[in-house]
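Chain identifiers are assigned alphabetically (A, B, ...) following the order of the sequence lines, protein sequences preceding nucleic acid strands; residue numbering begins at 1 within each chain. Computed from heavy atoms alone, side chains included, the values below leave out hydrogens, waters and symmetry copies.
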Number of protein chains: 2
Amino acid sequence: MFQLDRQGNKPLYEQIKEKMKALIINGALKPDERLPSVRELAQTLTINPNTIQKAYKELETEGFIYSIRAKGNFVAPLEQKIIRPRRDELKNELEKIVAELIYLHEPQEQLIATIQAIYKEKEEKKDD
Amino acid sequence: MFQLDRQGNKPLYEQIKEKMKALIINGALKPDERLPSVRELAQTLTINPNTIQKAYKELETEGFIYSIRAKGNFVAPLEQKIIRPRRDELKNELEKIVAELIYLHEPQEQLIATIQAIYKEKEEKKDD
DNA sequence: TGACTGTACTATAAGTAATAATACAGTTAA
DNA sequence: TTAACTGTATTATTACTTATAGTACAGTCA
């Protein structure tokens, strides 16, 4: 499914969160699709089940997945009420990055071309 | 100069790094301008000088400031050889954010308008 | 029934973050 | 030259975080 970096950079549970989020966002995991169980994924990645549990728990509070006791963890369909605040957060992070790119003299046209390329790529790969 | 959030969110030294970076990036601190001394800033923020020192040290290894022993820490002028790798890092982070914005159905035109607005704002405020 | 699920709890070890107190050596202005 | 400032380094201590380990409980389901 994915691999982790053990060289003490980021905490393992943070890495798991990021990887899972990426799979959900790029559509590799569909809404209501089941995630690997905590024990299963722990064995695959050879880490402790508690670490997976921590990652899943935070993904749930952030609205990316939901969990059903004794059945599993599942990809949460997009909820309208989550969109607005999350979009605002993302735009805030975006502004910092763009500000630094401007500081590095990134031309406006070039950055916009980059954005358009990302949209085009996602448009082509979407199959949901 | 700025304030810190003591409610255990992010480490203090990380917050200091971010705030200083922001001041450098938006031009509030000019190249070769002197930063507050570690003891001075520590007193202002009522935190430990070692915490400031840690932040400054990392800002130096990241190329944002340089330090002269017994004189102070200073804003580093932009170095050509730093630009390329840093720009690549930023574009990488940018791609993750844009991917999530697309997941949240942000229209391409709207995102581009946001980017243009940021450029316009920075253009107006630039006085270096 | 048996094997799977999520969840909870306790304990332990290692690492990180922050504070505190000193110390040393170079700069600079009075 | 002195006094007050600079960055830097070191050691110690405390609290928190990260990760592991083991165990347990209750619900699901073939």
Taken to the nearest whole Å, OH/B:Tyr66 to C1'/D:dG7 is 14 Å
Rounded to whole Å, CD of A:Gln7 lies from C1' of C:dG15 at a distance of 16 Å
Nearest to the side chain of [X], heavy atoms from C-beta on, is which of [options]?
X: A:Arg39; options: C:dG6, D:dT28, D:dA19; result: C:dG6
X: A:Thr51; options: C:dT5, D:dG7, D:dA19; result: D:dA19
X: B:Leu12; options: C:dT19, D:dT20, C:dA8; result: C:dT19
X: B:Asn50; options: D:dA9, C:dT7, D:dG22; result: D:dA9
X: B:Lys57; options: C:dT5, D:dT20, D:dA9; result: D:dA9
X: B:Asn73; options: D:dA24, C:dT19, D:dT8; result: D:dT8

| request: Using a strict cut-off of less than 4.0 Å between a Lys/Arg side-chain nitrogen and an Asp/Glu carboxylate oxygen, indicate whether B:Arg86 and A:Glu100 qualify as a salt bridge. | output: yes
Query raised in the report: Under 4.0 Å between a Lys/Arg side-chain N and an Asp/Glu carboxylate O for A:Lys120 and A:Glu123?
Result: no
Taking for A:Thr46 and for B:Ser37 the nucleotide of DNA chain D with the nearest heavy atom, the one nearer the 5' end belongs to B:Ser37
Note: for B:Pro36 and A:Asn48 on DNA chain D, the residue whose nearest nucleotide lies more 5' is B:Pro36
Exercise for the section: Have a look at A:Tyr56 and say if it touches a base, only the backbone sugar-phosphate, or nothing, with a 4.0 Å heavy-atom cut-off. Expected result: nothing
Mind checking if B:Gln15 touches a base, just sugar-phosphate, or nothing, with heavy atoms under 4.0 Å? nothing
Notebook entry, point to check: Does the base of C:dT27 carry an N or O that pairs as donor and acceptor with the side chain of B:Arg69 under 3.5 Å?
Noted result: no
When rounded to the nearest 0.5 Å, the distance separating NZ of A:Lys81 from CD1 of A:Ile83 is 12.5 Å
CG (B:Leu101) and NZ (B:Lys96) are apart, to the nearest 0.5 Å, by 14.5 Å
| task | Check whether any side-chain heavy atom of A:Pro107 lies under 4.5 Å from a side-chain heavy atom of B:Tyr119, and answer yes or no. | result | no
Q. Can you find a side chain N or O atom of A:Tyr13 that sits less than 4.0 Å from OP1 or OP2 on D:dT18?
A. yes
Is the phosphate of C:dA17 approached by B:Lys54 (side-chain N or O, under 4.0 Å from OP1 or OP2)? yes
